[in-house]
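Okay, so here's the structure we're looking at.
When reading the values below, keep in mind they use all heavy atoms of this one structure, side chains included, and skip hydrogens, waters and symmetry mates.
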Amino acid sequence: MKRRTISYWLLVFLKNNIMSKNAESKEKPSKNIESKERTMKSADREEYHVREQLLCKLCSEGYKEPRILPCLHSFCYDCLQKEMEKVGSQNEMGKTEPKVKIGSLKNICCPTCQKQFVITSVSELPQHLYLGFEVEVAGLANYYKGTTGVICDGCGKDFNDSGESIRGFCCECQEFLCKACLDYHKRNRNLSKHKIALLDESASIEDKLKLMIKEYNCNEHGHEKQVLDFYCATCTKPVCNYCVVSQHKEHAFNDLSRAASEQRTEMKQLQESVCNILHKLENATSNTDKMKQQVEASKKNATLLINSTFEDLHRSLQEREKALLTMVDKIAEVKTQSLQSQIDGFKALHSDVTRNNDMMTHTLQTNTDQQIVALRKVLHTSMKSIITDFEKVILLPNQHSSITVHIEKEPLSDQMNKFGCVDDCALSKSTWSWLSPSNPIPTPHVNVKYKLNIEMKNLQGEKLMSGGMPLVAEFTSKGQDQNISAVVEDKKNGTYTVSFTAASAGDYKVHISVQGHYIQNSPFDLKFVKRNYLTAKILEPRPPAASCSQQGNWLSIAIHSDGSIFAGSYNGSHSYIHIHGQQDNKCIRSIGGANSSSNGNFYYPRGMKIMGEVLYVADSNNHRIQKFKVIGGSNVEFQSVLWQGQFSQPHGLCTDTQGNVFVADYGNSRIQVFDANSSFVRTIPGNGSGNSSFANPTGVTFDHAGNIHIAAYGTGSIKVFSSEGKYLRMYGEGLKPNAIAIDSCGYCLVADSGTNQLRIYDPEGTLINSLTGLNNPTGIAVDQNGNLYVANHGSNHILQC
């Protein structure tokens with residue numbers, strides 16, 4: 001039996017689909033038609049369903065040799081060929097230009113998604129073997145489950161009305177067989193080796209058929225019976241063994257199953273990436289949809305705020321209008337009452353004058369001489385009184401008519417035009433900069449706290465004046481599992497600070513975003529490094545502040561947060577604190593003078609510590625601590641003398657995170673602790689037993705665990721105590737420590753005047769390096785960028801390493 005092709009089953013699909021639709025349009029098909037359909041041969045069977053996904057979108061028929069475009073949409077080979085033939089470019093006049101010659105590049109537009117691709121021919125597009133496979137499986141399955149009856153392809157017997165059924169399928173002949181024909185296949189010498197798939201009800205017919213027709217033969221001429229068992233990596237297509245030795249003998253090839261396994265693994269990896277993209281797209285869609293809803297909510301809230309604000313303003317204006325009108329009414333009422341009172345006075349006087357005038361007229365006209373003489377005195381007195389009263393009367397109105405209203409409309413209009421604003425943060429114009437330790441920052445070190453300053457700006461590049469933006473700062477490591485946690489602080493004025501500390505060295509990427517959108521110049525890269533003291537060395541000496549006429553020899557050193565260097569000096573008769581600029585190292589200012597105990601002067605300034613904007617100075621030979629306020633990094637203002645008389649030659653000092661001040665009381669061999677308000681807290685005595693004892697401390701500092709490290713000059717070692725004052729351990733035996741400091745990475749730095757070296761110990765107290773070239777070092781300071789400064793007393797230099 002000749003193997004039936006996919007085209008054969010497609011033909012069956014189309015004919016049966018058309019016949020099925022015609023049958024459905026008839027309400028009562030006749031028995032004669034049903035009988036006729038049952039007698040049709042297998043190639044003409046009708047009543048089975050063609051799945052929509054197996055229909056070509058161009059011809060609306062079952063796929064014939066489907067080819068797949070780069071957009072993953074598939075069409076029949078002939079349909080795509082027709083599309084290629086129709087392709088022609090149009091000029092500006094709308095005329096179609098001549099077709100592109102065969103073999104030249106040509107655009108083809110996907111009929112489904114409208115994406116365009118450049119190809120030379122349809123044949124170069126890969127075959128969609130699986131789609132063709134599904135078409136063939138569907139054809140066989142629908143044939144086997146056809147409603148018109150199941151006919152054996154071997155003997156033609158119809159089993160629709162009998163109790164028997166098809167028992168198997170010959171994978172070579174591509175035929176359904178009854179029990180008799182199946183037995184014949186097994187007995188026949190030529191057919192007995194054919195692969196037979198037994199059909200039962202234990203699995204779906206589709207699953208059975210997929211196992212039956214899973215192999216594909218070569219379509220090269222003369223190779224039709226050869227299975228595609230190899231994969232040509234050069235041509236990227238499956239080939240048979242004949243093709244390997246004939247057409248592909250110079251090519252790289254592999255076993256098909258192995259190549260498929262490798263490609264399946266590769267495709268799974270790609271699929272994971274695609275699934276990740278899908279997940280991100282879904283999240284992005286969800287977040288964007290939420291953002292859209294938030295915009296609507298923000299619009300609603302902003303509208304309510306504006307409406308309520310202007311309603312309040314309108315109400316305030318109405319109240320002010322009412323108040324002004326009331327004031328007008330009151331002023332008018334006072335004026336009116338005053339004028340009315342004046343009018344009443346005029347009328348009363350007018351009445352008196354009229355009465356007297358009438359009396360005088362009547363007397364003069366009617367009275368005799370004797371009567372006139374008799375009335376003369378009373379009339380004269382009355383008339384004189386009226387004249388006197390009139391002379392006292394002010395004839396002008398006692399009130400002016402104007403009621404002046406002072407309303408400066410223009411300034412108010414200008415203010416109203418500027419009243420309120422609506423900001424849309426323009427992330428492309430929002431900026432960040434280093435806030436601390438310095439700007440710009442050098443290579444950042446681990447265990448150092450850094451701060452970024454973020455300024456939000458609007459579309460016009462103007463700084464926003466309000467906060468509330470959901471700013472997010474993320475630090476992700478490259479190729480490591482070490483991320484940095486960041487703290488964002490909203491200053492409520494359009495400015496934000498981001499504080500962070502890296503616990504381990506490595507490359508990090510910094511993402512600063514608002515509602516998922518990056519600000520300007522974000523993300524950016526940071527490389528955190530550990531301080532490598534194994535290769536550390538003393539750098540060239542900094543200038544010894546030659547501009548200071550009374551410089552003396554350096555004793556102590558402290559670094560301000562802006563990088564300014566505070567250095568204490570002594571030359572026998574004078575003691576100074578010199579302040580050096582960060583950039584040019586020039587002396588900006590000096591305080592002090594001749595050795596003195598007056599406020600603001602010193603006698604041997606042996607130790608210094610800057611905490612924030614407060615400078616503490618251990619005024620050693622005056623046996624006191626002086627406190628100064630640092631203004632602008634270089635201006636110093638004396639504040640007070642602390643704890644005078646409680647010390648004996650205080651040397652080094654430090655502060656803890658709570659602001660408590662720890663002083664190395666050299667002469668009394670103890671550490672004294674005071675709070676930020678100068679009140680005594682406690683003492684760490686040096687007269688303990690065994691290893692807990694120490695003498696003549698020259699310096700004190702803290703490690704990252706809060707433990708106290710004491711440079712004991714008299715004992716010749718470094719003693720470590722807990723924050724509660726309990727002895728823990730010691731290291732650096734045999735030293736003559738003049739000063740001590742611990743850097744941001746936990747390394748302990750000791751100025752050893754016994755060997756004139758800078759000793760460097762790791763956080764566990766192990767000596768890792770000793771830097772030579774010093775001469776009686778007496779002071780050490782580490783700035784916020786990890787730079788180390790040494791006051792080299794003997795050679796009168798400030799050294800850096």
Side-chain angles (χ1 to χ4, degrees), residues 436 545 547-548 550-552 554-571 574-582 585-647 649-666 672-681 699-701 739 741 778-784 789 791 798:
S436 67
S547 59
C548 303
Q550 297 292 333
Q551 175 189 318
W554 301 117
L555 284 173
S556 54
I557 188 168
I559 311 297
H560 190 267
S561 59
D562 71 353
S564 299
I565 301 173
F566 288 62
S569 71
Y570 170 76
N571 70 352
H574 291 74
S575 299
Y576 287 95
I577 301 293
H578 303 294
I579 305 172
H580 301 259
Q582 178 187 15
N585 302 322
K586 291 182 178 179
C587 182
I588 301 174
R589 188 182 177 196
S590 298
I591 57 174
N595 297 331
S596 170
S597 60
S598 61
N599 293 339
N601 285 304
F602 315 98
Y603 188 2
Y604 205 77
R606 185 60 178 79
M608 283 192 296
K609 175 64 180 179
I610 298 177
M611 182 178 182
E613 298 304 315
V614 177
L615 168 66
Y616 296 98
V617 179
D619 192 2
S620 186
N621 287 353
N622 283 324
H623 312 292
R624 64 182 181 179
I625 305 295
Q626 293 199 64
K627 182 179 179 181
F628 297 83
K629 182 178 181 181
V630 181
I631 305 171
S634 59
N635 294 320
V636 180
E637 180 181 286
F638 172 81
Q639 285 193 317
S640 61
V641 175
L642 309 181
W643 322 300
Q644 189 170 11
Q646 299 187 37
F647 302 103
Q649 294 183 315
H651 277 46
L653 68 165
C654 69
T655 56
D656 64 11
T657 55
Q658 284 76 41
N660 297 317
V661 182
F662 289 67
V663 182
D665 193 355
Y666 180 86
Q672 295 205 61
V673 185
F674 299 82
D675 65 18
N677 298 319
S678 307
S679 299
F680 175 77
V681 177
V700 60
T701 189
T778 54
I780 301 176
V782 182
D783 68 15
Q784 296 189 45
Y789 299 86
I798 297 174

TODO: Hey, could you give me the CD/CG distance between Gln672 and Leu653, rounded to the nearest 0.5 Å?
DONE: 12.0 Å

TODO: Report yes if some heavy atom in the side chain of Phe662 is under 4.5 Å from a heavy atom in the side chain of Thr655; otherwise report no.
DONE: no

- [ ] Mind telling me whether Phe638 and Phe628 have parallel, tilted or perpendicular rings, with 30° and 60° as the class edges?
- [x] perpendicular

Task: Phe566 and Tyr616 aromatic centres sub-6.0 Å - done: no

Task: Beyond-backbone contact of Val617 with Ile625, side-chain heavy atoms, under 4.5 angstrom - done: no

TODO: Measure from the side-chain N and O atoms of Asp783 to the backbone N and O of His560, and report whether any donor-acceptor pair falls under 3.5 Å.
DONE: no

Open item on the list: Measuring from atom OG of Ser597 to atom CZ of Phe602, what distance do you get when rounded to the nearest 0.5 angstrom?
Closed with: 12.5 Å

- [ ] Return the minimal non-hydrogen interatomic distance between Ala618 and Pro650, and the atom names on each side.
- [x] CB-O, 3.7 Å

- [ ] Kindly give the heavy-atom pair with the smallest separation between Gly659 and Met611, and that separation in Å.
- [x] CA-CE, 3.4 Å

- [ ] For residues Lys627 and Leu615, determine if any side-chain heavy atom of one lies less than 4.5 Å from a side-chain heavy atom of the other.
- [x] no

- [ ] Calculate, to the nearest 0.5 Å, the distance between atoms CD and CD belonging to Glu637 and Glu613 respectively.
- [x] 12.0 Å

Open item on the list: Is it the case that the side chains of Ser575 and Asn595 hold a donor-acceptor pair, with the cut-off being a distance below 3.5 Å and no angle test?
Closed with: yes

TODO: Could you tell me whether a side-chain N or O of Gln626 sits under 3.5 Å from a main-chain N or O of Gly600, the two making a donor and an acceptor?
DONE: yes

Task: From Ile579 atom CD1 to Arg589 atom CZ, the distance as rounded to the nearest 0.5 Å - done: 6.0 Å

Open item on the list: What I want to check is whether the side chains of Asp562 and Ser564 have a donor and an acceptor closer together than 3.5 Å.
Closed with: yes

- [ ] Please check if the side chain of His623 supplies one atom and the backbone of Gln649 the other of a donor-acceptor pair under 3.5 Å.
- [x] yes

TODO: Kindly say whether Arg624 contributes a backbone atom to a donor-acceptor pair with the side chain of Gln646 at under 3.5 angstrom?
DONE: no

Task: Side-chain donor/acceptor of Arg606 to backbone N/O of Asn621, under 3.5 Å - done: no

Open item on the list: Test your reading of the model: is there a side-chain donor-acceptor pair from Asp656 to the backbone of Gln658, 3.5 Å cut-off?
Closed with: yes

- [ ] Any chance you could measure Ser598, atom OG, to Tyr603, atom OH, to the nearest 0.5 Å?
- [x] 14.0 Å

Open item on the list: Ring-plane angle category for His580 and His578, please: parallel below 30°, perpendicular beyond 60°, tilted otherwise.
Closed with: perpendicular

